[in-house]
Amino acid sequence: MEEKELGKSLDFIRTIISEDVTSQKNDGRVHTRFPPEPNGYLHLGHAKSICLNFGIAEEFNGLCNLRLDDTNPSAEKAEYALAIQGDLRWLGFDWEDRLFHASDNFQQLYEWAIQLIKDHKAYVCDLTFEEMREYRGTLTEPGKNSPYRNREVSENIDLLERMKKGEFEEGTKTLRVKIDMNSPNLNMRDPVIYRIMHREHPETGDKWKIYPSYDFAHGQSDSLEGITHSLCTLEFEHHRPLYDWFCKNLGIHHPQQIEFARLNLNYTVMSKRKMLRLVEEGHVDGWDDPRMATLSGMRRRGFTPSSIRSFCDKVGLAKRENIIEMELLEFCLREDLNKSAHRRLGVLDPLKVTISNYPESKVEELDAINNPEDPTTGTRKVSFSREVFIDRNDFMEDPPKKYFRMAVGKEVRLKYAYYITCQKVIKDEDGKIIELICEYDPESRGGGTPDQRKVKGTIQWVDSTTAINPEIRLYDRLFKVPNPDEVEEGKDFLSNLNSDSLTSLSDALVEKSIEELQAGEPFQLERIGYFTLDTKAQEMGKLVLNRSVAMRDSWAKKHSK
RNA sequence: AGCCUGGUGGUGUAAUGGUAGCACAGGAGUUUUUGGUACUCUCAGUCGGGGUUCGAAUCCCUGCCGGGCUGCCA
């Protein structure tokens with residue numbers, strides 16, 4: 001990652017941090033953290049937070065921790081914790097030996113709860129869910145104090161200890177903190193800081209029967225880890241007064257919470273809840289479906305870590321709600337892959353071309369450039385013979401004016417091979433074109449002629465004697481509309497699903513060298529797009545190509561209007 | 001409804017009282033053995049209304065619009 005250049009304008013968070021460093025707040029130290037809850041897979045929205053937290057740490061010579069925010073064992077699993085670390089490493093970030101869990105602090109949090117009780121600032125409450133809701137008041141009306149609010153310190157301690165031991169049923173008691181039932185901020189109306197949960201925890205097993213809430217664990221974990229700037233998304237804004245309240249009343253190191261707007265991408269969904277529905281109801285192939293905005297899905301689709309980091313850098317950072325256009329993501333991928341991906345030849349919809357003046361049994365090896373953007377990658381051999389295949393849409397019987405590709409009587413270049421001219425079109429009984437009879441110019445070997453004559457069209461092809469036939473999957477946006485949440489009365493986001501988001505091609509032909517590639521390794525099929533081999537298919541011994549993103553196509557764009 | 005928060009081209013983001021800039025998208029062109037890439041040019045914006053000021057995207061007032069909050073989720 002490159003350093004932020006001095007003099008470049010900083011976003012509002014970096015501005016705050018840089019001022020703090022200048023004023024020697026926290027002794028000029030910068031320490032951030034990325035704190036996912038291990039209850040699902042990481043997605044692009046997390047990537048924004050990851051790049052922010054790790055990026056800032058690096059730019060300010062600080063540190064960034066990974067913390068698993070595991071305060072609620074009902075949905076959290078070790079499997080997720082592992083996947084999170086894998087995705088993070090894949091993205092290219094390193095937390096060294098600083099992997100922490102909120103659960104590492106359960107004992108300390110418990111002691112702090114006792115301290116709050118002794119300070120008359122916390123109490124055990126017997127109100128049920130329903131009662132508590134009634135007592136809380138509403139957005140416009142104040143709440144009223146719980147009848148249990150003034151229990152004796154000793155009784156509170158006794159009750160909390162028994163809650164901890166598991167003497168009470170779930171939902172029968174909570175530990176609440178005594179703040180202000182009249183506060184306009186509902187989070188301050190005596191929030192619950194411990195609830196009873198008779199549940200195994202992935203880290204602490206059955207040791208605890210009570211678990212701290214997010215509000216009671218997050219700021220304190222930040223504090224214990226020596227975090228200086230606690231960056232989170234906007235919906236935690238109303239929790240900041242609570243965050244501050246705990247640090248102040250516990251008298252502990254007080255990190256600064258700063259909120260930023262979360263990332264939204266059009267034509268997709270970015271919440272765990274909605275993604276979970278897509279997975280559970282079978283609308284996609286799993287969390288790592290290549291159409292999903294999860295990091296695992298994007299990895300399988302063929303996104304590179306650096307393209308995602310570049311994207312996160314470009315989306316900017318502010319407090320206003322935003323919906324980023326998919327085009328920016330695609331741009332970042334193409335920008336990266338154009339420079340790094342090797343080129344290969346393939347045709348999605350093969351059309352046979354017989355070169356009538358090419359010797360029957362001759363097969364020759366031609367040189368093809370691996371990457372014109374990087375000459376050091378050299379060339380490879382591709383075979384050529386009398387019978388090759390081109391893409392069906394590279395031929396037209398009645399071409400429009402500026403059509404540069406093949407048509408009867410027109411000369412085109414087969415890339416890296418020869419100039420050919422179509423003489424004749426062969427059709428089946430239904431009138432479908434099944435073969436083109438062409439003649440080649442032996443002088444044009446390699447794609448150029450001694451007389452330097454120009455051909456406007458250059459098309460890709462594959463040789464019939466060596467081509468292989470993998471399955472090719474093309475992906476489109478998952479939803480038909482930019483904002484899937486915009487729905488008619490009575491419908492939900494699933495009604496906006498794009499039923500054509502996956503297209504599988506079975507007839508495609510590609511050059512043989514592709515079977516030697518590793519899953520995940522990006523390559524370009526010239527003029528078609530960037531691809532990678534599907535991981536899951538490769539594990540099963542099948543060759544499946546996922547298209548990561550199509551090439552920009554200004555011709556198609558113009559002619560679709 | 002109350003509280004909090006935010007409004008800059010189509011999208012996103014800068015400018016912190018002094019030339020409204022950058023990127024993506026869109027349009028036009030040059031180069032090209034990818035209708036790709038690269039390069040050039042171009043379109044397009046301060047939510048409305050008042051005020052303060054020599055000067056306002058920026059400060060004040062007011063209206064409008066968006067988002068968040070009534071979990072023992074995070």
Side-chain angles (χ1 to χ4, degrees), chain A residues 8-12 15 35-37 39 69-72 74-76 102 125 127-129 132-133 136-143 170-176 183-187 189 191-197 210-211 213-215 217-218 232-241 259 261 266 272-273 314-332 334-335 338-339 343 345 368-369 372-373 402-405 413-417 419 444 446-448 454-460 482 524-529 551-559:
Chain A
K8 287 267 161 60
S9 66
L10 301 176
D11 57 65
F12 79 102
T15 303
E37 182 188 12
N39 68 344
D69 212 351
D70 54 355
T71 56
N72 184 354
S74 65
E76 295 158 7
C125 182
L127 255 27
T128 63
F129 283 88
M132 206 181 285
R133 192 180 323 131
R136 183 160 36 233
T138 67
L139 294 176
T140 49
E141 299 154 26
E170 290 190 7
T172 55
K173 283 182 168 46
T174 57
L175 183 70
R176 301 175 68 183
S183 172
N185 180 349
L186 299 251
N187 289 129
R189 320 244 261 229
V192 168
I193 62 170
Y194 268 101
R195 70 282 213 198
I196 299 171
M197 291 181 98
I210 54 172
Y211 290 95
S213 64
Y214 163 85
D215 288 303
H218 200 94
C232 62
T233 44
L234 247 27
E235 65 269 27
F236 292 101
E237 223 162 5
H238 319 275
H239 292 252
R240 184 171 6 111
E259 310 85 14
N266 64 11
K272 270 184 202 168
R273 211 195 88 245
K314 285 178 169 56
V315 294
L317 191 73
K319 295 193 83 145
R320 80 183 77 122
E321 305 288 328
N322 60 80
I323 302 176
I324 310 289
E325 291 176 333
M326 192 70 93
E327 283 82 355
L328 182 62
L329 220 208
E330 296 181 342
F331 167 80
C332 292
R334 290 194 190 102
E335 183 189 42
N338 173 52
K339 294 195 194 86
R343 277 68 307 197
L345 300 179
I369 294 167
E373 301 290 319
K402 292 259 183 84
Y403 189 78
F404 300 150
R405 288 110 95 164
R413 170 165 42 229
L414 294 182
K415 190 153 192 182
Y416 309 128
Y419 290 4
S444 63
K454 296 261 190 253
V455 279
K456 199 74 173 142
T458 300
I459 62 178
Q460 86 283 10
Q524 180 192 112
L525 283 184
E526 297 210 35
R527 303 211 303 135
I528 301 174
M551 303 299 286
R552 280 189 72 207
D553 189 347
S554 54
W555 193 82
K557 195 174 288 164
K558 201 181 239 176
H559 289 260

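Below, chain A is the first sequence line, B the second, and so on; all start at residue 1.
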Exercise. Begin from the C-alpha positions of A:Glu170 and A:Arg195 and carry the test salt bridge (charged side-chain N to carboxylate O under 4.0 Å, His left out) through to its verdict.
Key: CA-CA 8 Å; A:Glu170 290 190 7; A:Arg195 70 282 213 198; over 6 Å; no
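- Among all heavy-atom pairs drawn from A:Pro241 and A:Asn185, the shortest one is CG-ND2, 3.6 Å.
- Note: CZ (A:Phe404) to P (B:G36) measures 10 Å, nearest angstrom.
- Scanning atom types as modelled, one donor and one acceptor separated by under 3.5 angstrom connect the side chain of A:Glu373 and the base of B:G36.
- Mapping A:Ile369 and A:Asn338 onto RNA chain B by nearest heavy atom places A:Ile369 closer to the 5' end of the strand.
- Between the C1' atom of B:G36 and the CD1 atom of A:Ile459 lies a distance of 16 Å, rounded to the nearest Å.
- Across the C1' atoms, B:A56 and B:G17 are found 7 Å apart, a figure rounded to whole Å.
- Not less than 6.0 angstrom separates the ring centroid of A:Phe404 from the ring centroid of A:Trp555.
- With a 3.5 Å limit on both pairing distances and Watson-Crick or G-U wobble geometry required, the stems of 3 or more pairs in RNA chain B span B:2-7 with B:64-69, B:10-13 with B:21-24, B:26-30 with B:38-42, B:47-51 with B:59-63.
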Quiz item: Reading nucleotides 9-17 of chain B 5' to 3', which nucleotides get B (base under 4.0 Å from a protein heavy atom), which S (sugar-phosphate only), which -?
Solution: -BSSBS---
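- In summary, of the residues considered (A:Gln460, A:Glu526, A:Arg343), a side-chain hydrogen bond (donor to acceptor under 3.5 Å, both in side chains) with A:Tyr416 occurs for A:Glu526 alone.
- On the P atoms, B:G27 is 15 Å away from B:A44, given to the nearest whole Å.
- Counting only heavy atoms from C-beta outward, the side chains of A:Met132 and A:Arg176 approach each other to under 4.5 Å.
- In this structure, A:Glu335 atom CD and B:A23 atom P are separated by 12 Å, rounded to whole Å.
- Judged as a side-chain hydrogen bond (donor to acceptor under 3.5 Å, both in side chains), and not counting sequence neighbours, A:Glu330 has no contacts.
- OP1 or OP2 of B:G35 sits under 4.0 Å from a side-chain N or O of A:Arg527.
- Residue A:Glu526 is classed as a base contact, given a heavy-atom separation below 4.0 Å to a base.
- Using atom C1' as the reference point in both B:A14 and B:A20, the two lie 10 Å apart (nearest Å).
- Following rounding to the nearest Å, A:Arg240 (CZ) and B:C3 (P) show an atom-to-atom distance of 18 Å.
- The interatomic distance linking A:Lys456 (NZ) with B:U32 (P) rounds to 9 Å, in whole Å.
- Between B:G12 and B:G45, the distance separating the two C1' atoms is 13 Å to the nearest Å.
- Note: NZ (A:Lys415) to P (B:U37) measures 13 Å, nearest angstrom.
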Practice problem: With side chain to side chain contact (heavy atoms under 4.5 Å, CB included) as the test, would you mind laying out the steps for A:Val315 and A:Leu328 before giving the verdict? | Solution: CA-CA 8 Å; A:Val315 294; A:Leu328 182 62; 4.1 Å; yes
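- Partners of A:Thr138 by side-chain hydrogen bond (donor to acceptor under 3.5 Å, both in side chains), not counting sequence neighbours, listed by chain and number: A:Thr140.
- Below the 3.5 angstrom threshold, one finds no donor paired with an acceptor across the side chain of A:Glu259 and the base of B:U5.
- In terms of modelled atom types and a separation under 3.5 Å, the side chain of A:Asn266 and the main chain of A:Met326 share a donor-acceptor contact.
- Side-chain atoms of A:Glu37 and A:Asp70, non-hydrogen and from C-beta on, never get closer than 4.5 Å to each other.
- Rounded to an integer number of Å, the gap from A:Glu330 CD to B:A23 C1' is 16 Å.
- Among the atoms of the strands shown, none is found under 4.0 Å from any heavy atom of A:Gly457.
- Residue A:Glu141 is classed as having no contact, given no heavy-atom separation below 4.0 Å to the nucleic acid.
- Distance check on atom C1': B:G7 versus B:C73 gives 30 Å, rounded to whole Å.
- A:Tyr403 comes within 4.0 angstrom of a base, heavy atoms only.
- Of the P atoms belonging to B:C72 and B:U13, the separation is 33 Å, rounded to the nearest Å.
- Qualifying ring pair (Phe, Tyr, Trp, His ring centres under 6.0 Å) partners for A:Phe236, counting only residues two or more places apart in sequence or in other chains: A:Tyr214, A:His239.
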Would you tabulate the pairs of protein nitrogen or oxygen atoms and nucleotide nitrogen or oxygen atoms of nucleotides 70-74 of chain B closer than 3.5 angstrom?
unit_1: B:G71; atom_1: OP2; unit_2: A:Arg136; atom_2: NH2; d: 2.8
unit_1: B:C72; atom_1: OP2; unit_2: A:Arg136; atom_2: NH1; d: 3.2
unit_1: B:C72; atom_1: N4; unit_2: A:Leu127; atom_2: O; d: 3.1
unit_1: B:C72; atom_1: N4; unit_2: A:Gly171; atom_2: O; d: 2.7
unit_1: B:C73; atom_1: OP2; unit_2: A:Arg195; atom_2: NE; d: 3.0
unit_1: B:C73; atom_1: OP2; unit_2: A:Arg195; atom_2: NH2; d: 2.9
unit_1: B:C73; atom_1: O3'; unit_2: A:Arg195; atom_2: NH2; d: 3.0
unit_1: B:C73; atom_1: O2'; unit_2: A:Asn72; atom_2: ND2; d: 3.1
unit_1: B:A74; atom_1: OP1; unit_2: A:Thr71; atom_2: OG1; d: 2.7
unit_1: B:A74; atom_1: OP1; unit_2: A:Arg195; atom_2: NH1; d: 3.3
unit_1: B:A74; atom_1: OP1; unit_2: A:Arg195; atom_2: NH2; d: 2.7
unit_1: B:A74; atom_1: OP2; unit_2: A:Tyr214; atom_2: N; d: 2.9
unit_1: B:A74; atom_1: O3'; unit_2: A:Asp69; atom_2: OD2; d: 3.0
unit_1: B:A74; atom_1: N6; unit_2: A:His239; atom_2: NE2; d: 2.9

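- The same atom, P, is picked in B:A23 and in B:C43; the two are 15 Å apart, to the nearest Å.
- B:G71 has its base syn relative to the sugar, with a glycosidic angle deviating from 0 by at most 90°.
- Judged by distance alone, the side chains of A:Ser74 and A:Asn72 do bring a donor and an acceptor atom under 3.5 Å apart.
- The distance from atom CZ of A:Arg334 to atom C1' of B:A25 is 11 Å, rounded to the nearest whole Å.
- Side-chain contact check for A:Lys314 versus A:Phe331: some heavy-atom pair is nearer than 4.5 Å.
- Distance check on atom C1': B:U53 versus B:C59 gives 10 Å, rounded to whole Å.
- Pairing each heavy atom of A:Tyr194 with each of A:Ile210, the nearest pair is CD2-CD1, 3.7 Å.
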